[in-house]
Peer 1: 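The following block contains the structure, expressed as structure tokens.
The sequence lines fix the lettering, A, B, ..., with proteins before strands; numbering per chain opens at 1.
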Amino acid sequence: MAMVEVRGLEKHFVRRAAPWGRPTRVTAVDGFDLSIEEGEIVGLVGESGSGKTTAGRCLLRLVEPSAGSFAFRGEDVFAMPPARLRQARRQMQMVFQDPESSLDPRMRAGAIVEEGLVIHGLGTPAERRGRVREMLELVGLDANRADRYPHEFSGGERQRLGLARALALAPSFLVADEPVSSLDLSIQAQIVNLFMDLQQQLGLTLLFITHDLRLVRHLCNRVVVMHRGRTVGAGPAADVDRLWGQISTGEPAGSDLEFRSPPDRRAAEFEI
Amino acid sequence: MEANARDNTLLDVRALAVEFAAPRRGLRASIGRAPRAGVRVVDGVSLHIARGETLGLVGESGSGKSMTALALAGLVPKPGRIAGGTVRFEGRELTSLREAEWRRIRGARIGFVFQEPSSALNPVFTIGSQVAEALEVHGRASGSAARARAVELLDAVRIPRPAARADDYPHQWSGGMKQRALLAAAIACDPALLIADEPTTALDVRIQAEILDLLAELRDRLGLSLLVVTHDFGVVERLADRVAVMYAGRAVESGPAREVLAAPSHPYTRGLLASRPGATPGRRLAAIPGSVPDPAALPRGCAFAPRCPERIEACDERRPGATAIAPGREVRCLLREGTA
Ligand SMILES: Nc1ncnc2c1ncn2[C@@H]1O[C@H](COP(=O)(O)OP(=O)(O)OP(=O)(O)O)[C@@H](O)[C@H]1O
Ligand SMILES: Nc1ncnc2c1ncn2[C@@H]1O[C@H](COP(=O)(O)OP(=O)(O)OP(=O)(O)O)[C@@H](O)[C@H]1O
Ligand SMILES: [Mg+2]
Ligand SMILES: [Mg+2]
């Protein structure tokens, strides 16, 4: 069995058009399948709004999935009780697409990177400080800036701060949501090299969410294509153009999930 | 030709500087009570944009691209401030404007797209009302007309079913959708200048292409001028007439986009372009070794010298001035001085 086995993941949100409006159901993920072998880097691509971020957040249970299963090394993550889930999060980390809103504005950079280590009771304070410096430098940030607040960094620096935080725990499975989208080519290259090193040296398993097909070809072993909430294709990373081409013909760009004619059994739950 | 180009100038920025009060660093600073000198994150940047022209601004993460863009729209966050230079826009000096005057220009004559859309959208108002507000504050439309126009704008940026989705709140939209919402608000009042900070980072290739087409169409139809901050050379290639490259707060190279991409002159620009993912999957990429200097502790000479493969001794001593190496092309590098 693969390290990561996701079957039939679904996520529905309840949406109210206005505070007085009738609640309707929005389907963000609707049949997402994924399997990743230990030590593999898998790219996840799909149109804007196709459900990539929501799927990633469901895997770590940052939002509760509506249906489906996720076996991590054979253990059902969606059935884990809270205490076990907290433990498991040491192994599974996420880099968020939107660094601005995922970094606590009242915490200094160093404390943000250290937080996971504190939560999991790892290391002495001195060891943790050393680890923080090491992580900041790993992502190309000056360790002397550890006492700064997130808003005192540039967009790309904040993005790397989020990466440093996720890597501090040395997770075995990382979900990285557009982790290099705000970086110039040279720093992007450093981070891509870093992912390759972590894969080779520590056997990191990575789900790499991106819209950059060139990076998929360069970095990933395999690629999974998502369309309107579901997995519609998977294959070797070298085939990414062909797989991508299949979804992007014949329809207007950005056609979203709710617009699709729903399967009969759920028709009533969809918004018109 | 020179005079002609000048007549047509929409934006003319000279020697712009942006400074932050230096951060307190641990005990030493508080014990010493040293006066807190400013840290310059933008230092002597000059650029100009003609009507209908697109300038691409590229460069190292942390090099001051966003601060430059924010300064041009009167949006430098406190405790930062414009510490020098002039910004002329439509013949008016902007650096001395008061906030009330800024509010008449920003949104109406200068549209702005922030790098991080979530921070620019208000979480408690619907997306549609925020786009409509852009029209209402400048008296372009109100009430249901503003709302109808907002839906049209969301449609123009390829939001599916815009009428229904206009009632959503920002957290209900994906990253790329929020990015497009900001763009819709920024172009709502047909500004003369659109400043867009990484406007397509969260977009898939297809929607990105459509957004670039939309911007090109606005340029052709309305004579819109664009300042696009981007790390994506594909965007530069498709959209920009000229490009400026920043490193450590300074513009180290500028010129016609095609020429700079085809034959970069500054060693930093060369290194940057060499870092593109290449043809061999799985191979380590050629990142520029070393890291960006802390703006609070810049080297005395050329800021890129410590990482430069072509460094000579003089580079550590003297800051390079701007050298014209071809018509419309400038480089700040000692090795290129005297080659013109
Ligand atoms: N909390 C929420 N409430 C309602 N709808 C939501 C919520 N979060 C996401 N959605 C919707 O679910 C769909 C998928 O969003 P998601 O953020 O997962 O897309 P994505 O593939 O990551 O897009 P992008 O590439 O633009 O980041 C979108 O239509 C979005 O508006
Ligand atoms: N509030 C602040 N206080 C102090 N320094 C700041 C503040 N905001 C930004 N900086 C610093 O100013 C410099 C320029 O930042 P800016 O956001 O302009 O960079 P950028 O070129 O846009 O980078 P990126 O490509 O990562 O977005 C960076 O070194 C950053 O750390
Ligand atoms: Mg996303
Ligand atoms: Mg920036």
Peer 1: Side-chain contact test, heavy atoms from C-beta onward, threshold under 4.5 Å: evaluate it for B:Arg283 versus A:Met196 and give yes or no.
Peer 2: no
Peer 1: Would you say CZ of A:Arg242 has more than 12 non-hydrogen atoms from neighbouring residues, nucleotides or ligands within 6.0 angstrom?
Peer 2: yes
Peer 1: Using 0.5 Å steps for rounding, measure from the CG atom of B:Asp232 to the CG atom of A:Asp184.
Peer 2: 12.0 Å
Peer 1: If I take atom CG from residue B:Leu272 and atom CD from residue A:Gln188, how far apart are they, to the nearest 0.5 angstrom?
Peer 2: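 These two atoms lie 10.0 Å from each other.
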Peer 1: As an exercise, state the distance from CD1 of A:Ile187 to OG of B:Ser275, rounded to the nearest 0.5 Å.
Peer 2: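 A:Ile187 CD1 to B:Ser275 OG: 9.5 Å, rounded to 0.5 Å.
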Peer 1: Let's test your reading of the structure: which of A:Gln199, A:Arg217, A:Arg158, A:Lys52 forms the most heavy-atom pairs below 4.5 Å with chain B?
Peer 2: A:Arg158
Peer 1: Highest number of heavy-atom pairs under 4.5 Å with chain B: which of A:Val192, A:Asp142, A:Asp197, A:Asp177?
Peer 2: A:Asp197
Peer 1: Given side chains that start at C-beta, do those of B:Ser61 and A:Ser154 come closer than 4.5 Å, heavy atoms only?
Peer 2: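 The answer is yes; the side chains approach within 4.5 Å.
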Peer 1: Which residue out of B:Gly62, B:Gly282, B:Gly175 racks up the most heavy-atom pairs below 4.5 Å with chain A?
Peer 2: B:Gly282
Peer 1: In terms of heavy-atom pairs under 4.5 Å, which option from B:Ala202, B:Gly234, B:Gly271 contacts chain A the most?
Peer 2: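 Counting heavy-atom pairs under 4.5 Å, the top option is B:Ala202.
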Peer 1: What distance do A:Leu141 atom CG and B:Ser291 atom OG have between them, rounded to the nearest 0.5 Å?
Peer 2: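 The CG atom of A:Leu141 sits 9.0 Å away from the OG atom of B:Ser291.
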Peer 1: Hey, which of A:Glu137, A:Arg160, A:Glu178 has the most heavy atom pairs under 4.5 Å with chain B?
Peer 2: A:Arg160
Peer 1: Within the distance-only criterion (no hydrogens, no angle test), does the side chain of A:Ser186 pair as donor or acceptor with the backbone N or O of B:Ile288 below 3.5 angstrom?
Peer 2: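 Yes, because the side chain of A:Ser186 sits within donor-acceptor range (under 3.5 Å) of the backbone of B:Ile288.
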Peer 1: What's the spacing between B:Arg158 CZ and A:Glu47 CD if we round to 0.5 Å?
Peer 2: 12.0 Å
Peer 1: Can you measure from CD (B:Glu116) to CD (A:Gln159) and round to the nearest 0.5 angstrom?
Peer 2: 8.5 Å
Peer 1: Heavy-atom distance under 4.5 Å between the side chains of B:His231 and A:Leu183, does that happen here?
Peer 2: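 In short, these two side chains do not touch, never coming nearer than 4.5 Å.
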Peer 1: Distance-only, no hydrogens or angles: does the A:His211 side chain make a donor-acceptor pair with backbone N or O of B:Thr201 under 3.5 Å?
Peer 2: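 It does hold such a pair.
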Peer 1: Answer yes or no: is there a side-chain heavy-atom contact under 4.5 Å between B:Gln115 and A:Glu100?
Peer 2: no
Peer 1: Could you point out which residue of A:Leu185, A:Asn193, A:Ile191 forms a side-chain contact (heavy atoms from CB on, under 4.5 Å) with B:Leu285?
Peer 2: A:Asn193
